[in-house]
Amino acid sequence: MPAIQTTSAKQFRLRAGAALMALAGLAFVGYAAAFLALNFSGAFLELGIGPEEVDKGRAEVQAFSPRLYHYISHLHIALSGFIAATGLAIAAMSWFGVRRGERWAFAATVTVTAVSLAVSVPAHYPWGLATLGHLGPVYVAVLIFLAGAATAYSGMRDMTVEAAESS
């Protein structure tokens with residue numbers, strides 16, 4: 001329960017924004033699940049990455065170097081775990097912290113999201129891996145997250161203004 005009482009409209013914005021942020025976190029978990037599943041499918045390559053981006057598939061990599069194949073597979077598995085864990089952290093902090101008006105949770109959630117994207121997304125562009133099928137789902141989740149963060153922030157900001165005025 002937030003320490004500061006707010007009007008129902010402000011509380012609605014806070015809760016709706018937090019729900020959108022949590023939904024985006026769960027979308028990252030879904031992306032991670034697809035990422036993991038593709039590692040064990042015949043596709044082997046990541047979601048949205050095909051022969052136009054990578055000229056060798058599962059069989060060719062295995063034939064060239066079974067150890068390299070296992071190394072790439074282990075990277076897919078590990079990365080899917082980190083994507084899922086990040087998504088769960090975003091969802092949990094949004095639902096259990098931001099929704100209650102906890103500023104630390106809002107700051108942590110925005111920071112976790114920003115750092116994960118700032119580190120992971122730019123490397124896709126120099127090598128032509130930023131396909132719509134690959135990064136499109138991430139961008140949709142980011143847009144949902146940003147809409148939620150802006151909505152939640154407007155409710156939190158109004159709570160701060162109210163607290164300052166009542167002091």
Point to revise | Trace of the side chain to side chain contact (heavy atoms under 4.5 Å, CB included) decision for Leu14 with Thr151 | key: CA-CA 6 Å; Leu14 178 62; Thr151 303; over 6 Å; no
Practice item. Applying side chain to side chain contact (heavy atoms under 4.5 Å, CB included), run through Tyr139 and Val121 and close with a yes or a no. Key: CA-CA 10 Å; Tyr139 288 149; Val121 171; 3.4 Å; yes
Pairs under 3.5 angstrom only: tabulate donor-acceptor contacts from the side chains of residues 140-149 to other protein residues two or more places apart or in another chain.
none

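Residue pairs meeting the side chain to side chain donor-acceptor pair (under 3.5 Å) criterion with at least one partner in residues 18-46, sequence neighbours excluded, are Tyr31-His134, Asn39-Ser73, Asn39-His76, Glu46-His134. For residues 84-94, the set of pairs meeting the side chain to side chain donor-acceptor pair (under 3.5 Å) definition, not counting sequence neighbours, is empty. Annotation: side chain to side chain donor-acceptor pair (under 3.5 Å) contacts involving residues 60-72, sequence neighbours excluded, comprise Arg58-Tyr69.
The side-chain contact (heavy atoms from CB on, under 4.5 Å) test applied to Phe12 returns Ala16, not counting sequence neighbours. Shown here are the side-chain contact (heavy atoms from CB on, under 4.5 Å) partners of Leu36, two or more places apart in sequence or in another chain: Phe40, Ile77, Ser80. Shown here are the side-chain contact (heavy atoms from CB on, under 4.5 Å) partners of Phe64, two or more places apart in sequence or in another chain: Leu68. Contacts of Ala105 classified as side-chain contact (heavy atoms from CB on, under 4.5 Å), with partners at least two apart in sequence or in another chain: Val98, Glu102.
When the side chains of ILVMFWY residues are joined at heavy-atom separations under 4.5 Å, either directly or via intervening members, Trp127 and Leu47 end up in two distinct hydrophobic clusters. Connection of Val112 to Leu20 is not established within any shared hydrophobic cluster, with ILVMFWY side chains joined at heavy-atom distances below 4.5 Å, either directly or through further cluster members. Tracing side-chain contacts under 4.5 Å through hydrophobic residues (I, L, V, M, F, W, Y), one reaches Phe106 starting from Leu117; they form part of the same cluster. Tyr125 and Ile49 fall into different hydrophobic clusters, defined by Ile, Leu, Val, Met, Phe, Trp and Tyr side-chain heavy atoms under 4.5 Å apart, directly or through other members.
For the pair Ile90 and Phe28, the minimum side-chain heavy-atom distance is below 4.5 Å. Counting heavy atoms from C-beta on, the side chains of Ile72 and Phe44 come closer than 4.5 Å.
Trp104 CH2 to Met93 CE: the interatomic distance, rounded to the nearest 0.5 Å, is 7.0 Å. With values rounded to the nearest 0.5 angstrom, Met156 atom CE is found 12.5 Å from Arg100 atom CZ.
Here the closest non-hydrogen pair linking Gly48 and Thr131 is O-OG1, 2.7 Å. The shortest heavy-atom contact between Ala32 and Ile83 is CB-CG2, 3.7 Å. Smallest separation of non-hydrogen atoms from Leu38 and Ala43: CD2-CB, 3.9 Å. Closest of all the heavy-atom pairs between Val29 and Gly87 is CG2-C, 3.8 Å. Closest approach of Ala152 to Met21, counting heavy atoms only: CB-SD, 4.1 Å.
Side-chain contacts under 4.5 Å among hydrophobic residues (ILVMFWY), followed directly or transitively, place Val119 together with Val115.
Side-chain contact of Arg13 with Ser154: a donor-acceptor pair under 3.5 Å is present, judged by distance alone.
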